[in-house]
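These notes concern the structure reproduced below.
Residue numbers begin at 1 in each chain, while the letters A, B, ... track the order of the sequences.
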Amino acid sequence: MSQYDENDAFEAAAIPLSQRAVAARPARYMDDLNPEQRRAVEAMDGPVLMLAGAGTGKTKALTARIVHLMRMGRARPNEILAVTFTNKAAREMKERVGRLLGEVVEGMPWMGTFHSLSVKILRRHAELVGLKSNFTILDTDDQIRLLKQLIVAANIDEKRWPARMLAGMIDGWKNRALTPERVPSGEAAGYNNRGTELYAQYQERLRTLNATDFGDLLLHCVTIFQTHGDVLAQYQRWFRYILVDEYQDTNVCQYLWLRLLAQGHRNICCVGDDDQSIYGWRGAEVGNILRFEKDFPGAVVIKLEQNYRSTPHILAAASGVISANAGRLGKTLWTEAQAGEKVRLIGHWDGEEEARWIGEEIEALQRGTRGMGTYGLEDQAILVRASHQMRAFEDRFLTIGLPYRVIGGPRFYERQEIRDAMAYFRLAVSPEDDLAFERVVNLPKRGLGDKAQADIQRTARMAGVSLHEGARELVASGGIGGKGAGQLRAFVEGIDRWHALTLGAARVVGGEDDALVEEIGAAPKPMDHVRLAEVILEESGYTAMWQNDKTPEAPGRLENLKELVKALEQFDNLQGFLEHVSLIMENESEEALEKVSIMTLHAAKGLEFPVVFLPGWEDGLFPSQRSMDESGLKGLEEERRLAYVGITRAEEVCTISFASNRRVYGQWQSQLPSRFIDELPAAHVEVLTPPGLYGGGFGAAAVSYGSTSFDDRVGKADVYNSPGWRRMQDRAATRPVAQPREARGIVIDATAVSAFAEGDRVFHQKFGYGIVIGIEGDKLEVDFSKAGVKRVVAGFVVDADQADDLPF
DNA sequence: AAGGCGATGTTTTTT
DNA sequence: ACATCGCCTT
């Protein structure tokens, strides 16, 4: 039922091997593998690196390999360690293995994410790192709150040295498997040179709270492996074969984790694609995959290069872009598929027009009026670099009524109301959970402000007890005045009551926990945990808080709370629920209705769509300026891999676009087409002419729109240097005060629009008439009669006299 | 204690 | 532009 069911892996081993050994019957799972895939499946022993390009059937090979290992009697299901990064990937792999086996074999208990597997291991050996086996896993909120307290306590200006940043540093250290004492002295700059000290304090606090953060799950395991040879040896013996998916995304800590476990037999198979490493910013080390053969001498390296997903043009475009990266392991994707459409490239005046055009294009493809076939909405996706780009599309699609769904929005369990409710549940399960107490003590408002909360903290600290007990004492001693007193008393008693009810609930389940069984005698009537959850939310006033809330999102939040309670049904008790939620952030209720998908490039990894739109290919946005500033060439190369990932998501139609103007942080900015566009091989690209732009003016200037296709003789360098391209870039770079513009299909000639002066009466399509009151570069400050004072790009307004002649 | 206002910092995201 | 956050006012 649960993901890491304690249907214990080790005990499962007690079943004799003979019962499992399956007679060698025709190996169905091998039938439709290509020679390379087959090689990856059959190279069972020793280190194997499977370099699997996009769409080359890597999961197929990986799952077949697992089945093969079992069929050949090399390992029982519970002796195979298969690691993924996401729960989704783990789930899919389980399903596929199950399907290949064609029979219900008891699950593979050691197939899961790095984190879930680490939890499983850590619970068995928690005491080795000073934890109890029922430790809790903090979410980011709790982590930040805890750090903030430490920073304030250390008398460090929290504004100059924010807790978020420290959290990031600590995370980075943990990703590199650095415990506080191992952090290089040079790296603790900031926080008054007390960064590592704070890190150490934080670890101490976690231990006191019997808690870990996400990074700890892995790091503690590594620590245990490194310091307890006997424990490590046990697991090395246990996991006879190790498989790792998305190896290019592993960080140092994960690498150590794997290497320690694989040290003995070296039966480790890593699957990945260095060209799809896009998580360097969160600690992933491409170096891990580049170094594999050195780390594991004698490794068999198998390249999967036959692509089953995309057309040749799409593959060629992707290959062209990625070839600009240095230090690749190098693969050349090929396909037997027919040519199909070239990658389409189109420029737009601004982001809104881009969204409008894509919306129309999607509808046209849906109707099949593009002469390129018919594609349902669920076959089409828009992949953006940064999530704020999604807005333009959402706005546009809402106005034209085009159904869409955003993938990877805030996850269910990350929503405020869900976290609040969870904090209540946590308090009910363990009243001493101080972080949960802090979160909801004044939520809903109980008249307990900063002062009251500080008093509770002080009382608790002096007595060396939890906040819950501290609050009880404070109430008893009358140390808290007036209105808050009664409410705090009610809160404290509420926690007591709910806690008692959870204990009661344990008996219903059968009381596997001895400690709980002993206490049950004192507990009141047992209560079903789903009902209990409702009671808690009701009695605490939390539900009422949202019912009384008049904001438009309140109903949705209540809906989510209902959903949360419903989700509880699938668990045995509140404890069990909380145990698992921290690691499993399921994206549920994604109806597979006919909808266009909108998501970031990161979220798109591993997915594929017949039709893909890649908007916003503009320097600074994509590649992201920040990425380049922070990580230089490395950053640029990662951005380029992102471009590669984007293009290779497309099966049949891939459309790249950019806009000349875009609002960035509220300010209009001229944009240059992405340098990645220059890297697209001309022979595989078709340049489209945007509608409403014809002849002369903007049309000719921008990207040689006049021609319908790059001349095949023109190499990419020439494209970049082509007159039209050049002119457009010059234009963008010099940013003339007045640019020609397109208004409702009417092209206004640039020469007719002279530069503006203060006092000019102008017209703006959205804001109406106004007077120019200031000029700064190509931006005008205009006092609009209806919209008030706005800053607009000069190209967006016309002389009011001229506007009068326009047929609006 | 709670609501309102100006300074601030804006990627990508899993567990 | 826009949301978040800390501070300041009531």
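If you check every strand for non-hydrogen atoms under 4.0 Å, F85(A) touches sugar and phosphate atoms only. Heavy atoms of D450(A) sit under 4.0 angstrom from primed sugar atoms or phosphate atoms, though from no base atom. Counting non-hydrogen atoms under 4.0 angstrom, R164(A) reaches nothing in the nucleic acid. Using a 4.0 Å heavy-atom criterion, one finds that E639(A) contacts no nucleic acid atom at all. Among the protein residues, S624(A) comes within range of the nucleic acid bases, having at least one heavy atom under 4.0 Å from a base atom.
Here dT4(C) presents its C1' atom at 12 Å from CD of Q416(A), a figure rounded to the nearest Å. For the pair E630(A) CD and dG9(B) C1', the computed distance is 13 Å after rounding to whole Å. Following rounding to the nearest Å, Q487(A) (CD) and dA2(B) (C1') show an atom-to-atom distance of 14 Å. Across the protein-nucleic acid pair, E158(A) atom CD and dA7(B) atom P stand 20 Å apart, rounded to whole Å. Following rounding to the nearest Å, N175(A) (CG) and dT14(B) (P) show an atom-to-atom distance of 15 Å. Atom CG of D157(A) and atom P of dA7(B) are 18 Å apart (whole Å). Residue I278(A) contributes atom CD1, which lies 11 Å from atom P of dT14(B) at whole-angstrom precision. Protein atom NZ of K148(A) is 8 Å distant from nucleotide atom P of dC5(C), rounded to whole Å.
Remark on DNA chain B: of its neighbouring residues L217(A) and L642(A), the 5'-side contact belongs to L642(A), judged by nearest-heavy-atom nucleotide. Take the nearest nucleotide of DNA chain B for G449(A) and for Y665(A): the residue whose nucleotide is more 5' is G449(A).
Side chain of E354(A) to backbone of G616(A): a donor-acceptor contact under 3.5 angstrom is found. Here the side chain of R662(A) pairs no donor or acceptor atom with the backbone of G351(A) at under 3.5 angstrom. With hydrogens and angles disregarded, a donor-acceptor distance shorter than 3.5 Å links the side chain of T250(A) to the backbone of Y247(A). Distance alone, capped at 3.5 Å, is enough to place a donor-acceptor pair between the Q254(A) side chain and the N251(A) backbone.
Proximity note for T86(A) (side chain, C-beta onward) versus dC2(C), dG6(C), dT15(B): the nearest is dT15(B). The listed nucleotides are dT15(B), dG6(C), dT12(B); the one nearest the side chain of H602(A) is dT12(B). In the set dA1(B), dG6(C), dT15(B), the nucleotide with an atom closest to the side chain of F214(A) is dT15(B). Closest contact between the side chain of R663(A) and the listed nucleotides dA1(C), dT13(B), dA2(B) involves dA1(C). Closest to the side chain of R626(A), from the set dT15(B), dG3(B), dT10(B), is dT10(B). Distances were taken from every side-chain heavy atom of Y279(A) (C-beta onward) to each of dT13(B), dA1(B), dT15(B); the shortest belongs to dT13(B). Among the nucleotides dT15(B), dT12(B), dT11(B), the one closest to the side chain of T113(A) is dT15(B).
Atom CG in L474(A) sits 11.0 Å away from atom CZ in R489(A) (nearest 0.5 Å).
Taking side-chain N and O atoms only, N87(A) has a distance below 4.0 Å to OP1 or OP2 of dT15(B). Taking 4.0 angstrom as the limit, K174(A) places none of its side-chain polar atoms (N or O) nearer than this to OP1 or OP2 of dT15(B). Between R282(A) and dT11(B) there is no side-chain N or O to OP1 or OP2 distance below 4.0 Å. Distances shorter than 4.0 Å separate some side-chain N or O of N442(A) from OP1 or OP2 on dA2(B). Listed pair T600(A) / dT11(B) fails the phosphate criterion, with no side-chain N or O lying under 4.0 Å from OP1 or OP2.
Two residues are said to be in side-chain contact when any heavy atoms from C-beta on lie closer than 4.5 Å; F114(A) and C253(A) fail this criterion.
Taking the 5.5 Å centre cut-off and the 30° plane limit, the aromatic side chain of F114(A) is not classed as stacked on dT15(B).
The nearest pair of heavy atoms linking A567(A) to Y413(A) is CB-OH, 4.0 Å.
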